[in-house]
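Notes follow once the structure below has been shown.
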Amino acid sequence: MNSSKDQFLQLVRHRVKFPLFLLTKLPAAYFSGVRVTQIEEDKAVVTVPYKWFSQNPFKSTYFACLAMAAELSTGVLAMMHTYKSNPAISMLVTGLEAAYFKKATGITTFTCGQGLDINQTIEDALACGEGRTIKIKSTGKNEDGELVAEFFITWSFKAKKSLA
């Protein structure tokens with residue numbers, strides 16, 4: 001792994017810096033309790049609890065909070081692979097599909113294991129000079145390992161044009 005990815009991993013794993021990032025850039029995720037619990041080059045794990053701030057009227061986690069956690073499990077991998085990239089890479093969610101299987105009444109853990117696929121898509125975008133998209137799966141399970149939800153998030157990556 002290169003040093004920019006190592007630096008990004010250190011930031012995400014930092015007890016203060018990444019929570020501060022969430023608070024300032026993604027406050028809804030921060031206050032909902034969405035947290036990155038594990039990140040490697042190929043995999044990210046994000047949790048969201050069922051609590052007052054993330055609840056719906058049906059005594060389960062609100063679907064939007066589940067979507068935030070799923071998106072962050074993919075997005076944090078994308079951010080790692082674009083961190084300090086030269087040229088800079090723009091990244092944007094262009095699609096979202098979701099399926100819900102069980103009420104989320106406790107901690108839901110979302111796992112995305114496509115970090116290397118994301119990296120390859122970014123490298124392809126850089127090599128051809130055109131935007132590239134990838135559909136990434138994030139799977140949410142409850143504390144008993146039961147499937148709660150599956151999300152497919154489509155990301156678009158494109159090299160930014162330099163101003164020079």
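Keep in mind it's a predicted model, so treat the numbers as computed, not measured.
- Contact between A44 and V76 at its shortest, heavy atoms only, is CB-CG1, 3.6 Å.
- A donor-acceptor distance shorter than 3.5 angstrom exists from the side chain of H81 to the backbone of G115, with no hydrogens or angles considered.
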TODO: Applying side-chain contact (heavy atoms from CB on, under 4.5 Å), run through F63 and M68 and close with a yes or a no.
DONE: CA-CA 9 Å; F63 81 95; M68 281 191 290; over 6 Å; no
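- In this structure, the side chains of F18 and L11 stay at 4.5 Å or more apart for every pair of heavy atoms.
- In this structure, M79 CE and K5 NZ are separated by 14.5 Å, a value rounded to the nearest 0.5 Å.
- Looking at every heavy atom in both residues, S54 comes nearest to S32 through CB-O, 4.0 Å.
- Using a 4.5 Å heavy-atom threshold, the side chains of T154 and V93 count as separate.
- Nearest heavy-atom pair, N56 versus T61, reported as atom, atom and distance to 0.1 Å: ND2-O, 3.6 Å.
- In terms of the side-chain contact (heavy atoms from CB on, under 4.5 Å) criterion, residue partners of Y30 (sequence neighbours excluded) are, by chain and number, P19, L22, L23, R35.
- In this structure, the side chain of T37 engages the main chain of V45 through a donor-acceptor pair within 3.5 Å.
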- [ ] Give the intermediate values and the outcome of side-chain contact (heavy atoms from CB on, under 4.5 Å) for residues F151 and E71.
- [x] CA-CA 8 Å; F151 285 80; E71 187 271 341; over 6 Å; no
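- Between K158 and M91 there is no side-chain heavy-atom pair separated by less than 4.5 Å.
- Within 6.0 Å of NZ on K51 lie more than 12 heavy atoms contributed by other residues, nucleotides or ligands.
- In this structure, a donor-acceptor pair under 3.5 Å is present between the side chains of W155 and T74.
- Taken from CG in L66 to OG in S60, the straight-line distance is 8.0 Å, to the nearest 0.5 Å.
- Taking each heavy atom of S85 and I89 in turn, the nearest pair found is OG-CG1, 3.4 Å.
- Contact detail for K141 and V148: the closest heavy-atom pair is C-CG2, 4.0 Å.
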TODO: Starting from the C-alpha separation in whole Å, work towards a yes-or-no answer on side-chain contact (heavy atoms from CB on, under 4.5 Å) for V34 and T47.
DONE: CA-CA 6 Å; V34 174; T47 59; over 6 Å; no
Side-chain atoms of residues 99-113: list all donor-acceptor pairs with protein atoms under 3.5 Å, sequence neighbours left out, distances to 0.1 Å.
from: K103; atom 1: NZ; to: F58; atom 2: O; distance (Å): 2.7

Open item on the list: Could you go through F21 and V12, starting from their C-alpha distance and side-chain angles, then the distance that decides it, and tell me whether this counts as side-chain contact (heavy atoms from CB on, under 4.5 Å)?
Closed with: CA-CA 9 Å; F21 168 81; V12 174; over 6 Å; no
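- Side chains of K160 and P87 form no contact here, defined as non-hydrogen atoms less than 4.5 Å apart.
- In this structure, Y62 and Q55 have side chains that are not in contact, with every pair of non-hydrogen atoms separated by 4.5 Å or more.
- Contact detail for S156 and T94: the closest heavy-atom pair is CB-CG2, 3.7 Å.
- Remark: L77 CG to I136 CD1 distance equals 7.5 Å, nearest 0.5 Å.
- Under the 4.5 Å side-chain heavy-atom criterion for grouping Ile, Leu, Val, Met, Phe, Trp and Tyr, F152 is not connected to F157 through any hydrophobic cluster.
- Distance check, rounded to the nearest 0.5 Å: CD1 of I153 to CD of Q114 gives 10.0 Å.
- Counting only N and O atoms by type, the side chains of S73 and S138 include a donor and acceptor under 3.5 Å apart.
- The salt bridge (Lys or Arg N to Asp or Glu O under 4.0 Å) analysis of residues 110-139, with sequence neighbours excluded, yields the pairs E97-K135, K137-E150.
- Atom CG in L92 sits 11.0 Å away from atom OG1 in T133 (nearest 0.5 Å).
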